[in-house]
Amino acid sequence: MTHVQGNQVITKAVIPAAGMGTRFLPSTKSMPKEMLPIVDKPVLQYVIEEAVESGIKDILIVTGRGKQAIENHFDFNPELESFLAESGKANMVEQIRDIGDRCEIHYIRQKRQLGLGDAIRLAGHHVGNEPFAVLLGDTIIDPPAGEKPGVRQLMEAFESKQASIVAVHRVPKPWVDRYGIVDGKADSDNAHMIRLNQLVEKPAIDEAPSNLAIAGRYVFTAHIFDYLKQTAQGVGGEIQLTDAMNMLAQDVGTGGMYALDWQAKRYDIGNRVEYAKCFIDYALRRSDTGSSIRKHIQNHLES
Ligand code: G1P
């Protein structure tokens, strides 16, 4: 295999959104977890905005059974638009169209729930031979104030290394069995960049090689597809993306795999507590809801 040649610009992203959302039943019985609102916007819209603000033009969403609400949300809705226009709310028309107009969104369905690795494998035909970004559809990334959007930071790290790269963050040791965990050697010129030699999906707590957890954002060269084809069922009987990444990390000819240890906050929306925290944090910072919610919380704490 050859090294990626020259500087390749990333214009495509894949957003897996096919999971059943069982941790969020009963809400997810008829509504995809990616459509849960944070204040008044669905989670997936935040994810797509992050991609678009990072310079992505082309998005492939991997959906599954019962996920039609996703396609409807990013499509035109002529009835709603004319209703808003007629009732003097023309400004809202722009708001409801906005994100679907700023990028090209494509869809593919994962017919069987074979895991995250299988969902990414399905994107191979659409992505072709270009490097591409992956943003998990149930994860919101919130970088510190003034910093670039999450996946933009990874895209820039990719540009400097021209090799596949994943965002990671440190988690408390008892949590390592919920994540993909990575290990490697920090770059001599950038301690936040780690050349990976091992990636393990949901290791047992006493077997985890570190507490650096995969944070739901990735940039891959097309070499990942070679390894996804070879990936057998892993943890939970699923085709794990992390297992394919572990093989890619050993393949020096492709540039291997790097991790960017970043400071961005991450909300895993499939987790009830994280979802509630995300909702509160975003409601607190918005000018239309912030002061009322702050007062409400203060009253609660004082009573
Ligand atoms: C997936 C990945 C895991 C990653 C996690 C981040 O797991 O397989 O490597 O750390 O997302 O949210 P899941 O949450 O789908 O079980």
Side-chain angles (χ1 to χ4, degrees), residues 13-25 28 32-34 36 43-44 46-47 50 61-64 67 110 113-123 133-142 150-151 154 164-184 194 196 198-205 207-220 224 227-228 231-249 257-262 264-275 277-278:
V14 177
I15 302 185
M20 296 277 263
T22 46
R23 288 181 295 167
F24 232 107
L25 282 167
T28 46
K33 66 175 164 183
E34 297 79 9
L36 288 167
V43 170
L44 188 56
Y46 288 90
V47 176
E50 177 192 334
I61 304 180
V62 185
T63 67
K67 300 270 184 172
Q110 186 187 32
Q113 297 275 311
L114 298 178
L116 180 59
D118 179 65
I120 302 303
R121 187 188 57 77
L122 291 174
V134 171
L135 298 89
L136 299 190
D138 63 355
T139 300
I140 289 186
I141 299 294
D142 186 21
V151 79
L154 267 192
S164 299
I165 183 154
V166 58
V168 295
H169 63 151
R170 292 206 180 267
V171 295
K173 189 96 210 232
W175 294 5
V176 291
D177 58 358
R178 306 180 191 174
Y179 296 100
I181 299 294
V182 309
D183 193 23
I194 304 160
L196 298 181
Q198 197 188 359
L199 297 96
V200 199
E201 182 66 16
K202 301 191 175 77
I205 294 171
E207 282 166 20
S210 79
N211 65 342
L212 282 172
I214 294 176
R217 298 292 183 267
Y218 317 74
V219 171
F220 292 114
I224 192 68
Y227 290 106
L228 281 169
T231 305
Q233 288 179 332
V235 169
E238 296 190 347
I239 312 277
Q240 296 291 351
L241 177 58
T242 306
D243 292 345
M245 290 160 70
N246 187 45
M247 290 190 261
L248 180 59
M257 271 289 337
Y258 284 81
L260 177 67
D261 179 10
W262 70 11
K265 209 171 186 175
R266 166 187 170 283
Y267 298 98
D268 172 7
I269 299 301
N271 174 298
R272 291 179 166 95
V273 174
E274 296 244 337
Y275 171 69
K277 282 187 188 167
C278 185

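Atoms within each ligand, like the ligands themselves, are counted from 1 in listed order. Quick caveat, the model's predicted, so the values are computed rather than measured.
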Contacting atoms of ligand 1, where contact means under 4.0 angstrom from a heavy atom of [X]:
| X | result |
| --- | --- |
| T242 | 9 (O) |
| K202 | 7 (O), 13 (P), 16 (O) |
| L136 | 11 (O) |

Any N/O pair [X]/ligand 1 closer than 3.5 Å:
| X | result |
| --- | --- |
| A215 | no |
| D268 | no |
| T139 | no |

Q. Are any of the side-chain nitrogens in K33 or D268 under 4.0 Å away from the carboxylate oxygens of its partner?
A.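 Salt bridge between K33 and D268, a charged N being under 4.0 Å from a carboxylate O: no.
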(Q) Side chains of Q110 and D118 only: does a donor on one sit below 3.5 Å from an acceptor on the other? (A)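 D118 and Q110 do have a side-chain donor-acceptor pair below 3.5 Å.
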Q) Is a side-chain N or O of R170 found less than 3.5 angstrom from the main chain of D261, in a donor-acceptor match? A)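 It does not hold such a pair.
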Q: Using modelled atom types only, decide if a donor and an acceptor are shared between the side chain of T242 and the backbone of L199 within a distance under 3.5 Å.
A: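 It does not hold such a pair.
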Q: Say whether R178 and ligand 1 are in contact under the criterion: heavy-atom distance to a ligand atom below 4.0 Å.
A: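 Judged by the 4.0 Å heavy-atom criterion, R178 does not count as contacting ligand 1.
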**Q.** Closest candidate by heavy atom, reference atom 4 (C) of ligand 1, pool V176, I214, N271
**A.**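 Among V176, I214, N271, the closest heavy atom to atom 4 (C) of ligand 1 comes from I214.
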(Q) Counting only heavy atoms, tell me which of E201, R217, R23, R266 gets closest to atom 14 (O) of ligand 1. (A)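 Closest candidate by heavy-atom distance is R23.
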Give me the atom names and distance for the closest heavy-atom approach of [X] to [Y].
| X | Y | value |
| --- | --- | --- |
| G137 | V47 | O-CG2, 4.0 Å |
| Y227 | A244 | CB-O, 3.7 Å |
| R272 | L25 | NH2-O, 3.0 Å |

Q: Evaluate the 4.0 Å heavy atom contact test for atom 16 (O) of ligand 1: does a protein atom fall under the cut-off?
A: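 Answer yes: something from the protein, a heavy atom, is under 4.0 Å.
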